[in-house]
Engineer: 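One structure follows; several queries about it will come next.
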Amino acid sequence: MKYFEIARDVQNALRSNVPVVALESTIISHGMPYPQNVQTALEVENIVRQKGCVPATVAVIEGVLTVGCSREQIELLGKTGTAVAKVSRRDLPIVTALRQNGATTVAGTMYACKLAGIDVFATGGIGGAHRNSEKTMDISADLDELARTNVTVVCAGAKSILDIGLTLECLETRGVPVVGYKTDDMPAFYTQKSGYKTDCKLDSARDVALAITARKQLCLEGGMLVVNPIPEEYSLDRDYIDENIDKAVAEADRLGIGGKQLTPFLLDKIQKLTEGKSLAANIQLVYNNVRLACEIAAQLCVLRKEQ
Ligand code: PSU
Ligand code: MN
């Protein structure tokens with residue numbers, strides 16, 4: 001029985017030291033509405049190709065953990081939306097065994113990257129420690145995956161649906177470097193700053209690639225989180241977005257929503273409350289992260305040639 005597959009173009013790129021950038025699929029099925037989700041996912045792949053890299057969107061397709069989904073597969077995930085399984089590490093054996101379709105989270109996608117040998121992965125936001133997680137223990141498996149799987153994840157920081165301070169503490173405990181790209185202020189997804197500090201600031205894709213290489217050579221298990229602020233022109237007003245996030249969190253509390261439904265519920269609620277403003281920002285920050293991920297992946301290929 002086949003449970004894992006790497007698309008031919010991705011295989012060829014990996015073999016010939018052409019940069020590959022992995023992309024997750026929960027953002028398509030659970031993170032954005034149709035049809036913007038499909039349009040964004042396809043545009044992301046275009047951007048990666050324009051940058052001279054090969055995109056590898058990851059998902060479970062009829063039970064096969066697939067690295068490098070086709071256009072049709074991306075459309076299927078986007079149209080099916082939240083009816084498709086949200087697949088984190090723990091869900092992988094079940095969804096593959098039952099030959100189901102599933103959209104991989106950051107954790108699920110990182111694991112697939114490890115199997116495929118992909119170093120860099122771009123997304124919008126990662127999961128983290130939710131507000132009140134000191135009581136509920138609702139801390140995303142993304143953080144533990146970052147602790148154990150050597151893949152670099154480029155994101156726009158953590159949203160304030162999460163407790164950003166606690167999320168950073170969890171990452172520190174787990175030994176995960178949080179690298180601010182040209183910033184030492186942890187970005188808060190829709191805004192460039194959160195007021196919390198990153199561990200360090202690196203100012204070029206080459207420096208990030210050097211840190212990834214050093215981490216590997218020192219046999220430090222686990223990944224790295226590169227946080228890339230949303231471009232100023234697309235960022236939202238902090239009070240405006242915080243107000244709407246608070247409303248969404250209160251609604252989730254009132255309805256008793258928890259577990260794997262919580263993050264998709266909050267994202268959907270915020271998109272509705274902001275009448276698409278948050279979605280527009282979300283799309284732009286993903287493009288921005290994808291461009292940076294391509295530059296880092298390209299620098300890693302250069303370093304590999306130099307060795
Ligand atoms: N944050 C976003 N958009 C997303 C997600 C998080 O802004 O689409 C998705 C990612 O796939 C992430 C997952 O890995 O939610 C985290 O879910 P949870 O909090 O249940 O671990
Ligand atoms: Mn959770």
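It should be emphasised that the depicted structure is a prediction, and the values quoted were computed from it without experimental measurement. Remember, it's 1-based here, ligands and their atoms both numbered in the order they're listed.
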Engineer: If the threshold is 4.0 Å, N to carboxylate O, is there a salt bridge linking Glu45 and Arg49?
Structural biologist: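 Looking at Glu45 and Arg49, the cut-off is met.
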
Engineer: Indicate, as side chain, backbone, both or neither, the part of Leu267 found under 4.0 angstrom from ligand 1 when only non-hydrogen atoms are considered.
Structural biologist: side chain

Engineer: With a cut-off of 4.0 Å, which atoms of ligand 1 are near a heavy atom of Phe189?
Structural biologist: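 Near Phe189, meaning under 4.0 Å from one of its heavy atoms, ligand 1 has 7 (O).
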
Engineer: Give me the nearest non-hydrogen protein atom to atom 8 (O) of ligand 1 as residue plus atom name, then the distance to 0.1 Å.
Structural biologist: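 The closest heavy atom on the protein side is Ile27 CA, 3.4 Å.
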
Engineer: Is a side-chain N or O of Arg174 found less than 3.5 angstrom from the main chain of Arg148, in a donor-acceptor match?
Structural biologist: no

Engineer: Among the N, O or S atoms that Asp138 has, which is closest to the Mn ion (ligand 2)?
Structural biologist: OD1

Engineer: Within ligand 1, which atoms have a heavy atom of Glu24 less than 4.0 Å away?
Structural biologist: 10 (C), 11 (O)

Engineer: Short list, please: which atoms of ligand 1 are under 4.0 Å from a heavy atom of Lys86?
Structural biologist: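 Those qualifying, in numeric order: 17 (O), 18 (P), 20 (O).
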
Engineer: With a 4.0 Å heavy-atom cut-off (strictly under), which part of Thr105 contacts ligand 1: side chain, backbone, both or neither?
Structural biologist: both

Engineer: Would you find a donor on one side and an acceptor on the other, under 3.5 Å apart, between the side chain of Gln73 and the backbone of Ser70?
Structural biologist: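 Between the backbone of Ser70 and the side chain of Gln73 there is a qualifying donor-acceptor contact (under 3.5 Å).
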
Engineer: Whether the Glu24 and Thr123 side chains hold a donor-acceptor pair (N or O, under 3.5 Å, no angle test) is what I'd like checked.
Structural biologist: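 There is such a pair (donor and acceptor under 3.5 Å, judged by atom type) between the side chains of Glu24 and Thr123.
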
Engineer: Output yes when Asp246 and Arg131 qualify as a salt bridge under the 4.0 Å nitrogen-oxygen rule, no when they do not.
Structural biologist: yes

Engineer: What protein heavy atom is closest to atom 9 (C) of ligand 1, reported as residue, atom name and distance in Å?
Structural biologist: Thr26 CG2, 4.1 Å

Engineer: Give the atom numbers and elements of ligand 1 that come within less than 4.0 Å of a heavy atom of His130.
Structural biologist: 19 (O)

Engineer: For ligand 1, find out whether one of its N or O atoms is nearer than 3.5 Å to an N or O atom of Val106.
Structural biologist: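 Right, the criterion is met.
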
Engineer: For Lys197, is the NZ atom crowded, meaning more than 12 foreign heavy atoms sit under 6.0 Å from it?
Structural biologist: yes

Engineer: Side chains of Asp242 and Ser160: any donor to acceptor distance under 3.5 Å?
Structural biologist: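 Judged by distance alone, the side chains do pair up.
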
Engineer: How does Lys159 reach ligand 1, by side chain, by backbone, by both or by neither, if only non-hydrogen atoms under 4.0 Å count?
Structural biologist: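 For Lys159, the contact with ligand 1 is made by the side chain alone.
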
Engineer: For a quick check under 3.5 Å, do Gln36 and Thr40 share a side-chain donor-acceptor pair by atom type?
Structural biologist: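 Side chains of Gln36 and Thr40: no pair found under 3.5 Å.
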
Engineer: Just to be sure I'm reading this right: ignoring hydrogens, which of Gly125, Gly127, Gly108, Ser140 gets closest to atom 21 (O) of ligand 1? Compare them by their nearest heavy atoms.
Structural biologist: Ser140

Engineer: Is a salt bridge present between Lys216 and Asp119, judged by a nitrogen-to-oxygen distance below 4.0 Å?
Structural biologist: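 Salt bridge flag = yes for Asp119 with Lys216.
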
Engineer: One residue to check: His30. Relative to ligand 1, which of side chain, backbone, both or neither has a non-hydrogen atom less than 4.0 Å away?
Structural biologist: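 His30 to ligand 1: no contact under 4.0 Å from either part.
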
Engineer: For the 3.5 Å polar cut-off, considering only N or O atoms, please tell me whether Lys260 and ligand 1 meet it.
Structural biologist: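 No, no N or O pair falls under 3.5 Å.
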
Engineer: State the atoms of ligand 1, each with its element, that fall below the 4.0 Å cut-off from a heavy-atom position in Asp142.
Structural biologist: 12 (C), 14 (O), 16 (C)

Engineer: Between the main-chain N or O of Lys260 and the side-chain N or O of Lys86, is there a donor-acceptor pair closer than 3.5 Å?
Structural biologist: yes

Engineer: Does any N or O of ligand 1 fall below 3.5 Å from an N or O anywhere on Thr263, backbone included?
Structural biologist: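 Yes, at least one N or O pair falls under 3.5 Å.
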
Engineer: Which atoms of ligand 1 are found less than 4.0 Å from any heavy atom of Gly31?
Structural biologist: 8 (O)

Engineer: May I ask you to decide whether Glu75 forms a salt bridge with Arg71, counting only side-chain N to carboxylate O separations under 4.0 Å?
Structural biologist: yes

Engineer: Taking distance alone, with N or O pairs closer than 3.5 Å, would you say Asn282 contacts ligand 1?
Structural biologist: no

Engineer: Using a strict cut-off of less than 4.0 Å between a Lys/Arg side-chain nitrogen and an Asp/Glu carboxylate oxygen, indicate whether Lys2 and Glu5 qualify as a salt bridge.
Structural biologist: yes

Engineer: Before signing off on this row, confirm whether Thr104 and ligand 1 have an N or O atom pair separated by under 3.5 Å.
Structural biologist: no

